[in-house]
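Reading through the structure tokens given below for one structure.
Hydrogens, waters and symmetry mates play no part in the numbers below; they use all other heavy atoms, side chains included. Bear in mind the structure is a predicted one, so any value in this text is a computation, not a measurement.
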Amino acid sequence: MECLEKTVRENYAYMLNRDIVKEMVENLQKRFPVLISETVPVRISYGFLTDILKKYMEMGNSALYLMKIIEILDDILRQGGTAAPEEMAAALAKEWKRLYSE
């Protein structure tokens, strides 16, 4: 069982799809209705968010704090940030490090 869990964690970015991301976002909407209703899919489509999350996770990061990830992505876009998923994932990782590294 441990081996299966490790395999899933290591390959989650490859298994992630729009339906899974939509379900994750809908679960978040119950707790954070304003953030989600103003952001996903209004400014960040499910497909775009999925692509960003895949790239972000391929870089070794986690989507555990999806609410904060969405908030940071929205800030990046509102500040005129780039729109390519690879660049958004890199900008997200950089901002996450700036905010949460000691």
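Under the 4.0 Å criterion applied to side-chain N and carboxylate O atoms, Arg78 and Asp75 are assigned as salt-bridge partners.
Results of the side-chain contact (heavy atoms from CB on, under 4.5 Å) test with Ile72 over Glu95, Lys94, Met67 single out Glu95 as the only residue that passes. When Leu49, Val21, Leu16 are each tested for a side-chain contact (heavy atoms from CB on, under 4.5 Å) with Lys54, only one passes: Leu16.
For the pair Lys68 and Trp96, the minimum side-chain heavy-atom distance is below 4.5 Å. In this structure, the side chains of Leu53 and Leu66 come closer than 4.5 Å at one or more pairs of heavy atoms. Side chains of Gln29 and Leu35 form no contact here, defined as non-hydrogen atoms less than 4.5 Å apart. Inter-residue side-chain proximity for Phe48 and Met88 is flagged as met; some heavy-atom pair is nearer than 4.5 Å. The side-chain heavy atoms of Met24 and Leu28, taken from C-beta on, include no pair separated by under 4.5 Å. The side-chain heavy atoms of Phe32 and Glu71, taken from C-beta on, include no pair separated by under 4.5 Å.
Residues forming a salt bridge (charged side-chain N to carboxylate O under 4.0 Å, His left out) with Arg43 (at least two apart in sequence, or on another chain): Asp74.
Considering all non-hydrogen atoms of both residues, Ile69 and Ser62 come closest at CD1-O, 3.6 Å. Of all heavy-atom pairs spanning Arg18 and Gly47, the tightest one is NE-CA, 3.3 Å.
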